[in-house]
Amino acid sequence: MKGRNQPGRIYGIEMTETMEGKHSSRCRPLMPADIRDLRRHLLAWYEKNRRRLPWRETGDPYRIWVSEVMLQQTQVQTALPYYRRFLQRLPTLRKLAGADLGAVLKLWEGLGYYARARNLHRAAGMLTASGNGRIPDRWEEFRALPGVGDYIAAAVLSIAFDRPHAVVDGNVKRVLARLRMIAVPANRSASRKFFQTEADRLLDHRRPGDFNQAMMELGALVCTPAAPNCAACPLIACCCAHRSGAVGCYPRRVASRAVPEEEIAVGVVSKSGRVLITRRAPQGLLGGLWEFPGGKLRTGERPEAACVREIKEEVNLDVVVEKPLAQIRHAYSHLRIRLHVFACRFTAGRVRLNGPVDHRWIRIAEIDRFAFPTANRRFIPLLKQRAAESRAAHGRGRSA
DNA sequence: AAAGCGGGGTA
DNA sequence: TACCCAGCTTT
């Protein structure tokens, strides 16, 4: 019960000791019989209400692994088309290991958290190179792979290999927080152990994969963040928060800090029918993706000036800004950016990279072969349109 | 323990 | 707008 008395804060509203004490007093300890009932009700509900998802139609550990990686911090509906494409193109661990990183990132383009793709690719390479190309079915070996944390390890091992490891994700934390009126904040790393202990206690060792998926499915379909459908919940009889009328107070979380805003200028540098793209370093933000060169505005600096300066700094080219092309606003989880996009004309210099790890002069027609961040993708249609217009004008000029 | 890391969905 | 999502790694 350590940490139970931390005051904490939910959506900026201070929780008092009084409220906390009152809720806790209505939540009696779970007895073995309660836990048996809970498992039975949950699994019965799951059998009847589970969604038919492609990764639930297979026992292939590789496919299950890929699904779990795609699903971290990503909603099912978002991941679904990516999952199909990825498995169609890379149906086995060996195929993944044999693909080059650019191709893997291209399949991941737009999904975000690109370290997931890099780690999955690296892990596949490690298993294919050193091991026998099989996915480990034991905690120590699987958990040690890059990109495999406690969640992924528990999910893959329980679902693909029937190993008794309880998963703890955002859904499970929300269900547990309400079910047991857990007062520790769900968004603090210090609370992780607490939720894990609760999950371990409830896990049905006879059907760990189904139990884990049932908990998550309940969180996704019934015990939702806003407006949970308690009337449809198979666990309503043993839910402490529901009994206390306090479902809306859980899970508790501490306030997160405000996200900063950045202004960025980038240039589409043209030279004899081609444009310059650069590749970001493999680690860090958007690692390994391609983009148009540019960078942050300094305080008081005009976007045009920043564009010219950044291109000189990053690729050592002298350019002049011809015209503004677009302004893109884009929100990340931890920062917001405003992107000023300019058409630039190359005037002098030879590419020398300072920051980017690679560059290409490409035709716009080739641009879809490269993986770009979504903020870049948003103005790429404009470039295609300009290229088409330019071709049309050129064609008329020649035929006239 | 906290910060860094995407992008889309939702009320 | 602010929160949330089948989290992991680095600092």
Side-chain angles (χ1 to χ4, degrees), chain A residues 3 10-12 50-51 53 55-56 64-83 105 108-120 122-123 143-156 158-159 165-175 185-193 195-196 199 209 211-221 223-228 248 251 253-261 280 282-289 328-337 371-378:
Chain A
I10 174 164
Y11 304 135
R50 73 193 186 102
R51 290 169 289 182
L53 299 170
W55 46 87
R56 288 182 178 159
I64 292 166
W65 183 9
V66 171
S67 78
E68 294 300 344
V69 174
M70 282 191 176
L71 286 166
Q72 55 166 310
Q73 299 301 103
T74 305
Q75 295 184 344
V76 166
Q77 292 309 317
T78 305
L80 220 33
Y82 286 88
Y83 176 84
L105 287 174
W108 214 269
E109 183 186 33
L111 201 48
Y113 282 135
Y114 299 94
R116 295 183 293 179
R118 299 195 301 269
N119 284 331
L120 187 59
R122 191 151 66 93
R143 174 66 177 78
L145 293 167
V148 178
D150 287 347
Y151 169 78
I152 300 259
V156 173
S158 65
I159 297 169
H165 301 285
V167 300
V168 176
D169 73 333
N171 286 310
V172 172
K173 278 194 279 195
R174 188 171 54 256
V175 170
N187 61 342
R188 275 291 193 267
S189 46
S191 313
R192 212 199 60 75
K193 250 184 187 163
F195 283 99
Q196 184 70 59
F211 180 88
N212 280 335
Q213 293 191 81
M215 286 287 280
M216 295 190 281
E217 194 77 338
L218 188 68
L221 299 182
C223 196
T224 51
R253 48 185 67 253
V254 296
S256 49
R257 65 183 181 82
V259 301
E261 189 161 24
R280 298 177 64 96
Q283 68 280 43
L285 180 66
L286 307 169
L289 271 66
I328 309 285
R329 293 159 102 43
H330 188 72
Y332 297 80
S333 51
H334 54 298
L335 77 126
R336 281 182 310 188
I337 62 171
F372 284 85
T374 292
N376 275 239
R377 272 285 160 212
R378 298 246 297 274

Residue set satisfying side-chain hydrogen bond (donor to acceptor under 3.5 Å, both in side chains) with A:Arg56, at least two apart, ordered chain then number -> A:Tyr46, A:Gln213, A:Glu217
A:Arg118: what forms a side chain to side chain contact (heavy atoms under 4.5 Å, CB included) with it, not counting sequence neighbours?
-> A:Leu101, A:Leu105, A:Tyr114, A:Ala115
Would you mind building the protein contact string for nucleotides 4-11 of chain B? One character per nucleotide, 5' to 3', B for base within reach (heavy atoms under 4.0 Å), S for sugar-phosphate only, - for untouched.
-> SBBBBS--
P atom, B:dG8 versus C:dT9: distance in rounded Å?
-> 24 Å
Could you give the CH2-to-P distance, from A:Trp108 to C:dG7, as a whole number of Å?
-> 13 Å
What residues, two or more places apart in sequence or in another chain, satisfy side-chain hydrogen bond (donor to acceptor under 3.5 Å, both in side chains) together with A:Gln73?
-> none
Set of residues satisfying side-chain hydrogen bond (donor to acceptor under 3.5 Å, both in side chains) with respect to A:Asn171, sequence neighbours excluded = A:Asp169, A:Arg174
Can you tell me, in whole Å, how much space there is between the P of C:dA6 and that of B:dA11?
-> 14 Å
Between C:dA6, C:dG7, B:dA1, which nucleotide gets closest to the side-chain atoms of A:Ala190?
-> B:dA1
Name the residue closer to the 5' end of DNA chain C, choosing between A:Asn119 and A:Arg56 according to the nucleotide with the nearest heavy atom.
-> A:Arg56
Within-4.5 Å side-chain heavy-atom neighbours: A:Tyr151 and A:Leu71 | no
In chain order, what residues pass the ring-ring contact (aromatic ring centres under 6.0 Å, His included) check against A:Phe372, with sequence neighbours excluded?
-> A:Phe292
Say you pick atom C1' in B:dG6 and the same atom in C:dC3; how far apart are they, in whole Å?
-> 15 Å
